[in-house]
Structures are given as C-alpha cells and as structure tokens.
Amino acid sequence: MSKSREDYMKVIFEFGGQAERVGNKAISEALNISAASVTEMISKLQDEGWVTYIPYQGVQLTEEGTKMGASLVRRHRIWEMFLYEKLGYNWDQVHEEAEQLEHAGSELFVDSLDAFLGNPTYCPHGGAIPNKDGEAAPEATTPLADLAVGDKFKIKRVTDDRDLLTYLDKLEIKLDKKYTVEEIENFDNSYTIARKGETVVLNPKATVNVFVEKD
Ligand SMILES: [Zn+2]
C-alpha cells in the first residue's frame, strides 16, 4: 500500500471508520488535502476493497480495511511510545517522527518493538494501541467541555495536534493527574481547572480536544 493510501486508512480508522461513516470533510481537514483529491482517493480505495462510500454520508472501512487501519495505527503509536519512552522525546515531538517511521519495518519488527516496550496499551497521547489482532482498549471520549463546575476528573486522552500539545505543555497539563473544574467562563466557555491549589485556564479550543474520565 502506498504511503498516501496508508495515511488515508489511518485517519479513517482514527475517526472511528470501522463502526461509522466518516465524512470527506473531516478527512480533507485532517490530511490538509483538497476535497476533490479526497473524493478521488476514496473512490480508488473503494475499488480496491478497503472502504465503502456513500455520497453525502461518507466512508466506512470494510473488514479488510479495518484490519489494515488498525495495523497502521498500531505501528504509529508503537513508534510514538518508543520515541517517548526510550529516546526521551516530548509528547509534542513524537507525532511527526512517527509519521515517517510507521511506513518502515516488517510486521515482525513492529511486534518485536512492541514486546521490547512491554506491550503498551496507550500511546503518549492516550490513544489506544491495537494489538496484533486489531483489538484495542477503550479510549476516553468525554471532552472536558462536557463537564460542569465542581466535577472532578482525570485527563485520559488529548488530540494528537502539535500546537495543542505544546499549549498543554506550557500549562504543565499531564495525563492521569486529578483536577477539579473550578469555573467556566460565560463569555467564551474557557475552563479554569484546579490541582493542589493551583489553577490553570484552558481555552475553549482546547477543552473540546482534551478527553477525560470523571471521578
Ligand atoms: Zn499518539
């Protein structure tokens, strides 16, 4: 499979394309590719049996496509863990490097790397790493923006977007720490969250891309 096809398959899988239809617009935005090119590639992927496409409803992975998507996401996230855990990369640095590395190495190599890392369940951003059979642990899906004042929570996953990750880093936001929603600003829906007496304000663009588990 070509590198550009792999990028499509991975994005469709990440948007839940094994279970529901993913719109062309979401794919075009995620890959930063024109809508016309997305339509063209999707019809190729459909001809090859990876996806089914219904105009105005979007694209869904076939069984073969789901296996392929899971294996691509698996590769990407295992590389991320390697960079993060073994090479000391920051979580905002791993994505771009993993984008290149995921296209390299045999299945055996990726499985060996997985074992070397101790078969991690989640990537540094809280995304689930599918196992060899394509099964993955559940991922947090509740955005911080859904919580109310007084709610206690842990951040379990963040969208893998470099600017967002850098922003969260500046605020010293980390996965798996306990926070409380202290205030929600009426004007722009920004969230003030507190941890051990210290507060941080998260802007509304971040609160829809930070996923939590309520306490
Ligand atoms: Zn990740």
Side-chain angles (χ1 to χ4, degrees), residues 1 3-19 22 26-27 29-33 61 66-105 107 109-145 153-177 202 205-213:
M1 183 175 257
K3 187 172 177 299
S4 71
R5 278 175 169 72
E6 291 190 350
D7 290 338
Y8 274 82
M9 295 297 290
K10 191 158 61 85
V11 160
I12 298 167
F13 183 86
E14 283 171 331
F15 281 132
Q18 67 276 40
V22 177
I27 299 169
E29 279 171 7
L31 292 174
N32 215 351
I33 289 173
L61 296 167
T66 300
K67 277 187 206 154
M68 175 60 80
S71 117
L72 292 167
V73 168
R74 170 176 162 78
R75 279 169 172 268
H76 181 87
R77 293 182 175 165
I78 286 174
W79 275 117
E80 283 188 343
M81 280 309 273
F82 174 72
L83 296 164
Y84 184 74
E85 295 235 301
K86 301 295 177 189
L87 302 189
Y89 276 60
N90 204 345
W91 72 345
D92 58 349
Q93 297 172 318
V94 296
H95 182 79
E96 274 151 48
E97 202 89 69
E99 280 295 303
Q100 303 303 318
L101 293 166
E102 72 191 22
H103 302 286
E107 212 62 35
F109 177 80
V110 173
D111 292 344
S112 307
L113 190 55
D114 185 36
F116 173 67
L117 295 168
N119 306 108
T121 314
Y122 294 98
C123 81
H125 314 107
I129 302 176
N131 66 16
K132 283 169 73 163
D133 301 321
E135 294 151 354
E139 286 181 353
T141 54
T142 308
L144 174 57
F153 66 94
K154 276 184 194 161
I155 297 175
K156 299 302 280 185
R157 182 169 73 87
V158 297
T159 304
D160 195 346
D161 172 281
R162 188 167 192 158
D163 291 339
L164 172 70
L165 295 165
T166 307
Y167 171 76
L168 295 174
D169 242 12
K170 274 188 213 155
L171 300 176
E172 292 179 30
I173 299 279
K174 296 259 186 315
L175 296 188
D176 287 316
K177 284 187 180 171
L202 277 182
K205 238 173 113 183
T207 60
V208 294
N209 283 297
V210 166
F211 302 91
V212 304
E213 187 182 276

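Position 1 is the first residue of the sequence; numbering continues from there. Atoms within a ligand are numbered from 1 in the order they appear, just like the ligands themselves.
Taking backbone and side-chain atoms together, His95 has no N/O/S atom less than 2.8 Å away from the Zn ion (ligand 1). Not one N, O or S atom of His76 sits under 2.8 Å from the Zn ion (ligand 1).
Here the angle centred on the Zn ion (ligand 1), running from OE1 of Glu80 over to ND1 of His125, is 100°, rounded to 10°.
The pair Asp114-Lys132 does not meet the salt-bridge criterion, since no charged nitrogen lies less than 4.0 angstrom from a carboxylate oxygen.
A search for salt bridge (charged side-chain N to carboxylate O under 4.0 Å, His left out) contacts involving Glu102 returns Lys10, not counting sequence neighbours.
Side chain to side chain, Asn90 and Asp169 meet the donor-acceptor criterion of an N or O pair below 3.5 Å. A donor-acceptor contact closer than 3.5 angstrom is absent between the side chains of His95 and His125.
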